Enquirer: 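One structure follows; several queries about it will come next.
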Amino acid sequence: MRRITLLTNPDKCNLRCALCFLRQQGIVSYSGEMPFEIAKKAIEKYNPQEVIPSTMGEPLLYSRFEDLLHLCEMTGIKMNLTTNGTFPGKWGTPSVMFELVQACSDIKVSTLAYEMGGFLRHLWRENVEKLIECRKRRQDSSATVSLQVTLHRENIQDVKDILTWAEKAGVYRIKWNPAVFIPNTSPIIEKRFKLSNQELETLRLELLEGSLHSDKIKYEGSLFLKDPTEECPMSGSCEKCPFTDEVWIWPDGHEDRCPNPKKRWRKF
Ligand SMILES: C[S@@+](CC[C@H](N)C(=O)[O-])C[C@H]1O[C@@H](n2cnc3c(N)ncnc32)[C@H](O)[C@@H]1O
Ligand code: SF4
């Protein structure tokens, strides 16, 4: 198995980003987290190359996050982390950030945290700069520090600014992902945040070969792909699915083979 995603704490977060799938779905309460035994068993069962902790909720708030990190280190499995950049509690201290850069293959920090008003931009930037500094000092680590930018109507004018800062800070890669809207999301949310295909196409070209191109930072993300969630057949065969060697494990231990947020949220 290439990698497994452990939904360690899918609805526990310290922020309330308006665009987040949790908010779009109207989830406001906390339903509990994954017992560590389930995480451990899944790692033993699949022996993956990589473990992704919670892609919903804030993974650094999982009460057993440190145990998970140590388990990954002990078994030689890399952690692939996406975090909102608040680095709560001890995770914001350089000594603990050293542990993160040692145990992770990639740490993606999402810009949504400050864009939605949940966290101050200068504190978010300081945290990312601190993390990059730890990575630079840790010569034996191969971790990369990336940004994950969810593109929406309220940050499109900030792209140049994000880029200028990221180049200076030494960010390795930026994933540019257009915002996803789940079925039955509020029309107010769509009206406020959704970019037109034309706007996304203009941005894509500007990033690839225009004024937003960077020689220093690698670009990836769904902006550059034919939208896999659009192509995905929600019913019928999943023959073209690129995720056949991945599995998603929920807090109660049940397994899911499909990451498509539009499909996943239909079940609720
Ligand atoms: C749901 S968050 C969970 C991890 C962590 N709390 C964070 O914000 O990075 C995972 C990623 O999804 C992104 N995201 C949230 N809502 C989104 C949406 N509606 N469309 C696309 N990406 C979204 C976030 O910016 C983040 O990069
Ligand atoms: S920080 Fe991540 S999980 Fe939390 S509300 Fe924002 S996007 Fe959602």
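Being a predicted model, the structure only gives us computed values, none of them experimental. Computation of the quantities below employed the complete heavy-atom set of this structure, encompassing side-chain atoms and omitting hydrogens, waters and symmetry-equivalent molecules. Remember, it's 1-based here, ligands and their atoms both numbered in the order they're listed.
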Enquirer: Below 3.5 Å, N or O to N or O, backbone or side chain included: is there any such pair between Met56 and ligand 1?
Expert: no
Enquirer: Does any N or O atom in Pro59 lie less than 3.5 angstrom from one in ligand 1, N or O only?
Expert: no
Enquirer: Using a 4.0 Å cut-off to any heavy atom of Thr55, which atoms of ligand 1 qualify?
Expert: 1 (C), 2 (S), 3 (C), 10 (C)
Enquirer: Please list, in number order, the atoms of ligand 1 under 4.0 Å from a heavy atom of Gln148.
Expert: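 Listed by number with element, the hits are 11 (C), 26 (C), 27 (O).
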Enquirer: Out of all atoms in ligand 1, which are within 4.0 Å of some heavy atom of Thr83? Include the element for each.
Expert: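 That gives atoms 7 (C), 9 (O) of ligand 1.
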Enquirer: Report yes or no: does Lys175 contribute a side-chain atom to a donor-acceptor pair with the main-chain N or O of Ser146 at less than 3.5 Å?
Expert: no
Enquirer: Heavy-atom distances under 4.0 Å decide this one: backbone, side chain, both or neither, for Thr150 against ligand 1?
Expert: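 Answer for Thr150: side chain.
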Enquirer: With distance as the sole criterion, is a donor-acceptor pair present between the side chains of Glu99 and Trp91 under 3.5 Å?
Expert: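 No pair is found: no donor N or O on one side chain lies under 3.5 Å from an acceptor on the other.
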Enquirer: Provide the number and element of each atom of ligand 1 under 4.0 Å from a heavy atom of Val180.
Expert: 18 (C), 19 (N), 20 (N), 21 (C)
Enquirer: Can you tell which of Gly118, Ser110, Gly57 gets a heavy atom nearest to atom 4 (C) of ligand 1?
Expert: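 Comparing heavy atoms across Gly118, Ser110, Gly57, the nearest one to atom 4 (C) of ligand 1 lies in Gly57.
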Enquirer: Among Asn84, Thr86, Leu15, Val109, whose heavy atom sits nearest atom 8 (O) of ligand 1?
Expert: Asn84
Enquirer: Under 4.0 Å from any heavy atom of Gln24, which atoms of ligand 1 are there?
Expert: 19 (N)
Enquirer: At a 4.0 Å threshold, what atoms of ligand 1 neighbour a non-hydrogen atom of Ala179?
Expert: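 The atoms of ligand 1 under 4.0 Å from a heavy atom of Ala179 are 20 (N), 21 (C).
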Enquirer: Under 3.5 Å, is there a donor-acceptor pair between the Ser211 and Glu206 side chains?
Expert: yes
Enquirer: Report yes if Ser54 has an N/O atom closer than 3.5 Å to an N/O atom of ligand 1; otherwise report no.
Expert: no
Enquirer: Heavy-atom distances under 4.0 Å are what count here, so tell me which part of Leu112 touches ligand 1: side chain, backbone, both or neither.
Expert: side chain
Enquirer: Has Cys13 got an N/O/S atom less than 2.8 Å from atom 8 (Fe) of ligand 2?
Expert: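 No, since none of the N, O or S atoms of Cys13 sits under 2.8 Å from atom 8 (Fe) of ligand 2.
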